[in-house]
**Q** 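Here it is: the structure, laid out below.
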Amino acid sequence: MKADRRTLFQKPWEFREAALIAILLNAAGFAIQYSLGGTGITMPEWPMNAITLLLSACLILAVGLSYRHNPFIAWLGGIPLGLSLILTLAALSFIGGMVPQGTAGNPTALRLGLHSIFSSWPFALIVSLFLWNLGLSLSWKLVPFSLKNLQFILFHAGFWIALSCGIFGSSDLQRLVLPVQEGQASNQGYIMKSKQAQEIPFSVFLHDFSIEEYPPQLMLYDPKNDRLIMNSSQAIPEVRAGATAEWKGISVKVTDFIPSGLPGKEGTPVPADPAIGIPFAKVRISGAAGKGELWLSTGGPMLKPGAVDLDGLFLFMVPGSPKSFRSAVTLRDENGLETIANLEVNKPVNFKGWKIYQMGYDEESGKFSTLSLLEVIRDPWLPAVYLGFFMMLGANALFFWNGIKKSGASL
Amino acid sequence: MIIDFTTAAYLSIAFWALGSMLGIAAKSSTALRKTATALNLGGSLIMIAFIAIYWHALERPPLRTLGETRLWYAALIPLVGLLVEYRWKISWLKYYCMGLAAFFLTINLLHPEVFDKALMPALQSPWFIPHVVVYLVGYVLLAASSVAGWHNIFLTYRMKDLKSNDALAHYLALLGFVFLTFGLVFGALWAKDAWGNYWSWDPKETWAFIAWLIYLGYLHAVSYKINRLKLQWYLALAFLVLLVSWFGVNYLPTAANSVHTYQQS
Ligand code: HEM
């Protein structure tokens, strides 16, 4: 900040005016939010959102280019205001990072929008001014165009596009949960929050749902204190042939392991098809509570899990956590166009402008689930947001390169 | 499952400690200084070798728990210090760096982790490694910039101030910001594939965004030519925000809502 003493609003405006504006805007935002009883902002839908955004962009550019020498406009697109807004945005995000976001909470806090800060009035007002500030500074670097400004333009325009399209486009986002049973087709989606049903313009037929699990784990449970006993390395031992586990005074060795089996004659399990079998392990227990050799299983639809009582402690085997789960599906649109796809977590599939995700399954049945929960999402603004992201990354790559040269020279 | 982490950690710390003492004692002897540097490097190499063995044993990159990521910091931070010394002949930074690395290893020694081999499906993605590695490097650079900031404040009050030290702090912050931006955007691209949303204001995301904004603020303060001492304070303190986004989130009231709770311990 400058050392010369100037009074508030004496020209040229700088940080104090910027901070004041940010505070006033927040106060106004919270006042509006409170007086509306806590309802935040709802964005208009297509095409109103696109029109509003386009007109705002043109207006900002026009104002920036026509009034670039006006001291007020120069301040409006300047760094002091930008810096204040960046820090104000950080402060509002801080509320969002400290106060659990949702619909539950203290009534006053709810009414002020603290539990839904990112759709609240103060947030919207700050973001609007932010877009003005950023857009004005951009207009001055865009015209006249110079390659020297490329880094600045990519960074600032990229952020402007990502932020504005992310916010304005959020009202066009459709996101539905689609439960499908094996051997059946469905086009009935549900909105997660309201449970409201909605049809999607194609159907999904589920051929097969399958889960691959990590190896099961051995656990020692203390029922008196209702807790698991940790061994010395704090590790939960995995079950595989030859594996050993050690707890104070108890040692367990896995002498045989059948990843997928069914109970056979005389209590000896036999290997079986993974679609129906469950893991079995033969363990030799020695130590103070030695029990000799016996079979353990994780349990399944037809069999209870077996636990071994070791002087009041229970040794049992739990199924491994899911490693991957997938749905083999056929997608079919109204015109009969079909696509076969494998849906898996992290591997969504595109169909007709929708993205289809593997979301979950019936967790109670675990690997025997015949229900697959899919999520179908349509986000028409995504390409615009990604364009902004990639512009920012491009700017950063330049920044990395030029930054090295510049700083290297000044050192 | 611990492939003798204890031995590796003590060895690394011993190498760094010996190297530091030798480095301080060496003064003008080139041979001694070279030995000191070799010892310092050796400490990190041990950690890198341990990570490699551990990675192999786990059959997945050890980047899942905070305890595991601390291994990477411990290996990488001293290397940043040594690189800075090599490139800009500023040698104080490496002592802070090795101290910080030893601190991370000590945390791991005191809290043997729940080493769990399972990697949940949402984490099995080609984005996983770039996202985490980019963030790791960013955090390392920004940690170093904060250290440089504190050091500059200290020097200023001792009435010494060196332009090159300011430039170093700035350079580290700038590079750190670049990595932070990549980490943030990679995270968004990954989230779109894993959860269907590129941004959902999850507490971890929110805090990453806050930290990014704080460093964005720094860069703009620099281009507005704000008083240099203020900038050093800013850098020195900005790291606190980064610490929250890195470790602290798990302890906040919002943590229960986070989809990132797999990062526990
Ligand atoms: C709040 C609105 C913003 C305003 C008014 C603003 C304005 C400015 C101005 C005037 C400069 C100085 C350019 C120069 O000296 O040539 C600058 C630099 C910079 N801004 Fe912003 N900015 C804003 C937001 C952002 C955002 C959101 C980002 C990141 C996505 C960003 C990243 C940068 C970077 C990295 C520089 C340094 C670029 C360079 O030196 O070439 N700014 N900004």
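Chain A is the first sequence line, chain B the second, and so forth, proteins listed ahead of strands; every chain is numbered from 1. The analysis underlying the following values was restricted to heavy atoms, covering all of them including side chains, and did not include hydrogens, waters or symmetry mates.
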**Q** Begin from the C-alpha positions of A:K355 and B:D193 and carry the test side-chain contact (heavy atoms from CB on, under 4.5 Å) through to its verdict.
**A** CA-CA 9 Å; A:K355 250 184 187 211; B:D193 269 0; 3.8 Å; yes
**Q** Check each atom of A:Y357 against the heavy atoms of chain B and say whether the ones under 4.5 Å are side chain, backbone, both or neither.
**A**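 When you check distances to chain B, only side chain atoms of A:Y357 fall under 4.5 Å.
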**Q** Should A:F399 and B:L219 count as side-chain neighbours, where that means a heavy-atom distance under 4.5 Å?
**A**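 A:F399 reaches B:L219 side chain to side chain.
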**Q** When you look at A:I377 and B:K192, which way does the side-chain contact (heavy atoms from CB on, under 4.5 Å) test go after all the steps?
**A** CA-CA 10 Å; A:I377 300 178; B:K192 181 71 195 170; 4.1 Å; yes
**Q** For the pair A:F15 and B:I226, evaluate side-chain contact (heavy atoms from CB on, under 4.5 Å) and give the outcome as yes or no after the intermediate values.
**A** CA-CA 11 Å; A:F15 284 102; B:I226 285 188; 4.0 Å; yes
**Q** I want to check something: taking the side chain as every heavy atom from C-beta on, are A:I117 and B:W201 in contact at a cut-off of under 4.5 Å?
**A**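 Not in contact.
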**Q** Got a list of side-chain donor-acceptor pairs under 3.5 Å for residues 382-396 of chain A, not counting sequence neighbours?
**A**
{"unit_1": "A:N396", "atom_1": "ND2", "unit_2": "A:M392", "atom_2": "O", "d": "3.1"}

**Q** Given the options A:S84, A:P80, A:S93, which has more heavy-atom pairs under 4.5 Å with chain B than any of the others?
**A**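 Heavy-atom pair counts peak at A:S93.
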**Q** Would you check, one step at a time, whether the test side-chain contact (heavy atoms from CB on, under 4.5 Å) holds for B:V241 with A:F94?
**A** CA-CA 10 Å; B:V241 179; A:F94 176 80; over 6 Å; no
**Q** Rounded to the nearest 0.5 Å, how far apart are CD1 of A:I79 and NE2 of B:H220?
**A**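 Interatomic distance, A:I79 CD1 to B:H220 NE2, rounded to 0.5 Å: 5.5 Å.
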**Q** To the nearest 0.5 Å, what is the distance between CD (A:E375) and CG (B:N197)?
**A**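 One finds 8.0 Å between CD of A:E375 and CG of B:N197.
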**Q** Roughly how far, to the nearest 0.5 Å, is the CD atom of A:E14 from the OH atom of B:Y224?
**A**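 With rounding to 0.5 Å, OH (B:Y224) is 3.5 Å from CD (A:E14).
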**Q** I need the A:I95 CD1 to B:T206 OG1 distance, nearest 0.5 Å.
**A**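 These two atoms lie 12.0 Å from each other.
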**Q** Indicate the atoms forming the closest heavy-atom contact of B:I214 with A:A90, along with that distance.
**A**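 Answer, listing the atom of B:I214 first, then A:A90: CD1-CB, 4.3 Å.
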**Q** Counting heavy-atom pairs under 4.5 Å with chain B, which one of A:V345, A:N346, A:L87 comes out on top?
**A**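 Most heavy-atom pairs under 4.5 Å with chain B: A:N346.
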**Q** Pairs of donor and acceptor atoms involving the side chains of residues 179-187 of chain B, under 3.5 Å and at least two apart or interchain, shall be tabulated with distances.
**A**
{"unit_1": "B:T181", "atom_1": "OG1", "unit_2": "B:F177", "atom_2": "O", "d": "2.8"}
{"unit_1": "B:T181", "atom_1": "OG1", "unit_2": "B:W212", "atom_2": "NE1", "d": "3.0"}

